[in-house]
Amino acid sequence: MAKKKILFINQEISPYVDDTELSIMGRELPRVMQELGHEIRTFMPKWGTINERRGMLHEVQRLSGMNLIIDDTDHPLIIKVASIQSARVAVYFIDNEDYFSKRRMTTDELGHDYPDNGERAIFFARGVLETVKKLRWVPDIIHCQGWMSAVVPLYVKTAYADEPSFAESKVVTSLFTPDLDKDLGQKFKKCLAFRDAKPELLEPYNDDFDILELGKIAVDYSDGVIQSNGIVNDTLVSRAQEKGIPFLPYTEDFADAYEAFYDSL
């Protein structure tokens with residue numbers, strides 16, 4: 001197959017966070033695709049639990065400095081980078097003092113969801129896309145893993161559809177075991193509207209926005225959907241299949257299967 005430029009947008013990547021199914025795939029998939037000769041870029045949030053000194057993160061001044069407006073408030077965008085030496089993969093981190101660097105991942109020390117998790121996902125999505133534009137890099141494939149990246153398909157196909165960096169990009173969403181109890185905050189649907197991601201496009205979705213509803217948006221605006229493990233939400237699988245969206249069932253030997261799937265889109 002022709003070698004592609006693949007943008008990986010991950011919620012978690014090992015070793016920067018604890019090993020989970022999601023974080024291990026966040027590390028291994030970019031590594032494997034890079035070894036197969038594809039050109040990659042990899043992003044994740046700079047969670048406050050990440051030890052910057054141990055991980056050897058450093059700020060990329062030329063990419064930082066932009067402000068993103070969410071709910072009428074300016075939020076400075078900071079970009080950091082590090083390298084996973086064992087995998088030979090560079091990772092870009094989306095950071096912001098209020099949303100990420102002063103906080104744990106998606107729950108606080110008592111295990112309670114942060115009430116603005118939805119806004120954090122929006123900031124992350126827009127931060128990645130704005131940074132890719134600054135890099136002057138044009139991905140053929142944008143692969144989203146984890147609910148924190150689930151806003152990306154909507155924005156690529158609407159708010160950023162006319163951007164040269166993304167006009168021809170194909171978006172792939174991976175489905176993992178869902179965390180359906182996750183709270184996205186009461187203002188999430190309002191904050192989600194941006195540029196051509198207009199409020200009327202969001203009318204088919206429930207006002208009480210939960211992870212399942214977010215998954216529906218990710219599926220609806222993706223060019224391909226992958227079942228990443230054996231336990232995913234049947235509603236989302238059925239939705240992809242009913243809409244005729246190319247769907248890759250779970251397979252343990254993912255490298256060749258994912259590469260062929262990218263090539264088919």
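Owing to the predicted nature of the structure, the values given are computational and were not obtained by experimental measurement.
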Could you walk me through whether Y160 and R195 pass side chain to side chain contact (heavy atoms under 4.5 Å, CB included), step by step?
CA-CA 8 Å; Y160 290 83; R195 292 183 182 169; 3.6 Å; yes

So with a 6.0 Å cut-off around CG of N67, is the heavy-atom count from everything else above 12?
yes

Passes side-chain hydrogen bond (donor to acceptor under 3.5 Å, both in side chains), T49 versus R104? Steps please.
CA-CA 5 Å; T49 53; R104 294 162 61 88; over 6 Å; no

Do L236 and L212 pass the side chain to side chain contact (heavy atoms under 4.5 Å, CB included) test, and can you show the C-alpha distance, the side-chain angles, and the key distance before you say yes or no?
CA-CA 8 Å; L236 298 181; L212 181 58; 3.9 Å; yes

Begin from the C-alpha positions of V225 and V172 and carry the test side chain to side chain contact (heavy atoms under 4.5 Å, CB included) through to its verdict.
CA-CA 6 Å; V225 174; V172 175; over 6 Å; no

Apply side chain to side chain contact (heavy atoms under 4.5 Å, CB included) to L135 and L63, showing your working.
CA-CA 8 Å; L135 289 170; L63 298 176; 3.9 Å; yes

T42 side, atom OG1; I84 side, atom CD1 - distance, nearest 0.5 Å
7.5 Å

Report yes or no: do S14 and S23 form a side-chain donor-acceptor pair below 3.5 Å?
no

So that I can tick it off, tell me whether D140 and K170 are bridged by a salt bridge, with the cut-off set at under 4.0 angstrom between side-chain N and carboxylate O.
no

My understanding is that only residues two or more places apart in sequence, or in another chain, count here; which of them pass salt bridge (charged side-chain N to carboxylate O under 4.0 Å, His left out) with K5?
none

Salt bridge (charged side-chain N to carboxylate O under 4.0 Å, His left out), that's the test. Do R239 and D220 meet it? Break it down for me.
CA-CA 8 Å; R239 192 178 187 91; D220 290 349; 2.7 Å; yes

Please check: side-chain N/O of D108 versus main-chain N/O of L110, any donor-acceptor pairing under 3.5 Å?
yes

Determine, using the 4.5 Å side-chain heavy-atom cutoff (strictly less than), whether Y114 and I211 are members of one ILVMFWY cluster.
no

Let me confirm one number: the CG-CG distance from L192 to L201, rounded to the nearest 0.5 Å.
10.0 Å

Keeping the roles fixed (side chain from N233, backbone from T235), state whether a donor-acceptor pair exists under 3.5 Å.
yes

State whether the side chain of D71 and the backbone N or O of T73 hold a donor-acceptor pair below 3.5 Å, judged by distance alone.
no

Looking only at the side chains, is there a donor atom on one of W137 and E39 sitting less than 3.5 Å from an acceptor on the other?
yes

Tell me whether R54 is salt-bridged to E52, with the criterion being a basic N under 4.0 Å from an acidic carboxylate O.
no

Can you tell me if D234 has over 12 outside heavy atoms packed within less than 6.0 Å of its CG?
no

Which pair of non-hydrogen atoms, one from K46 and one from D95, has the smallest distance, and what is that distance?
CE-OD2, 3.5 Å

For N51, look at atom CG and say whether over 12 heavy atoms of other residues, nucleotides or ligands are found less than 6.0 Å away.
yes

Ionic contact status for K4 with E259, cut-off 4.0 Å
no

Heavy-atom side-chain proximity of I94 to K80 below 4.5 angstrom
no

Tell me whether I24 at atom CD1 has more than 12 heavy atoms from other residues, nucleotides or ligands lying less than 6.0 Å away.
yes

Could you list the residues that satisfy side chain to side chain donor-acceptor pair (under 3.5 Å) with K133, not counting sequence neighbours?
E130, E163

Is a donor on one side and an acceptor on the other found under 3.5 Å between the side chain of N117 and the backbone of T106?
yes

So which atom in A82 and which in Y16 form the shortest heavy-atom distance, rounded to 0.1 Å?
CB-OH, 3.5 Å

Nearest 0.5 Å, please: how far is OG1 in T251 from CZ in F254?
10.0 Å

What residues, two or more places apart in sequence or in another chain, satisfy salt bridge (charged side-chain N to carboxylate O under 4.0 Å, His left out) together with D19?
none

Are F93 and F43 close enough that their ring centers fall under 6.0 Å?
no

Could R103 and D116 be called an ion pair, given the rule that one side-chain N must be under 4.0 Å from one carboxylate O?
yes

Can you run down the side chain to side chain donor-acceptor pair (under 3.5 Å) pairs that involve residues 141-151, sequence neighbours left out, and say none if there aren't any?
N10-Q145, H143-S174, H143-Y262

Check the angle between the aromatic planes of F194 and Y155 and answer parallel, tilted or perpendicular using the 30° and 60° thresholds.
perpendicular

Whether R41 engages the ring of F8 as a cation-pi pair (distance to the six-membered ring centre under 6.0 angstrom, angle to the ring normal within 45°) should be assessed.
no

Inspect the surroundings of CD in E97 and state if more than 12 heavy atoms from other residues, nucleotides or ligands are less than 6.0 Å away.
no

Can you name the closest pair of heavy atoms from A257 and L248 and give their distance?
O-CD2, 4.0 Å

Please find the pair of heavy atoms, one from Y258 and one from M25, that lie closest to each other, and give the distance.
OH-CE, 4.1 Å

Provide the closest heavy-atom pair for L7 versus P139 in the form atom of the first, atom of the second, distance.
CB-CB, 3.9 Å

To the nearest 0.5 Å, how far apart are SG in C144 and CD1 in I226?
11.0 Å

For the hydrophobic clusters of this structure (ILVMFWY residues joined by side-chain heavy atoms under 4.5 Å, transitively), does one cluster hold both V138 and I40?
no

Can you list everything that forms a salt bridge (charged side-chain N to carboxylate O under 4.0 Å, His left out) with E59? Sequence neighbours excluded, please.
none

Over 12 foreign heavy atoms within 6.0 Å of CG, D256:
no

Check whether E119 reaches the backbone of I70 with its side chain - one donor and one acceptor, N or O, closer than 3.5 Å.
no

Sequence neighbours left out, what passes side chain to side chain donor-acceptor pair (under 3.5 Å) with T158? Give chain and number order.
none

To the nearest 0.5 Å, tell me how far S101 OG sits from I78 CD1.
6.5 Å

Assess whether atom CG of D207 is packed by more than 12 heavy atoms of other residues, nucleotides or ligands within 6.0 Å.
no

Minimal non-hydrogen separation, K134 against S64, with atom names:
NZ-O, 3.7 Å

Are E28 and R31 within salt-bridge range, i.e. N to O under 4.0 Å?
yes

Would you say E200 has more than 12 foreign heavy atoms packed within less than 6.0 Å of its CD?
yes

Once rounded to the nearest 0.5 Å, what's the spacing between atom CZ of R62 and atom CD1 of I79?
10.5 Å

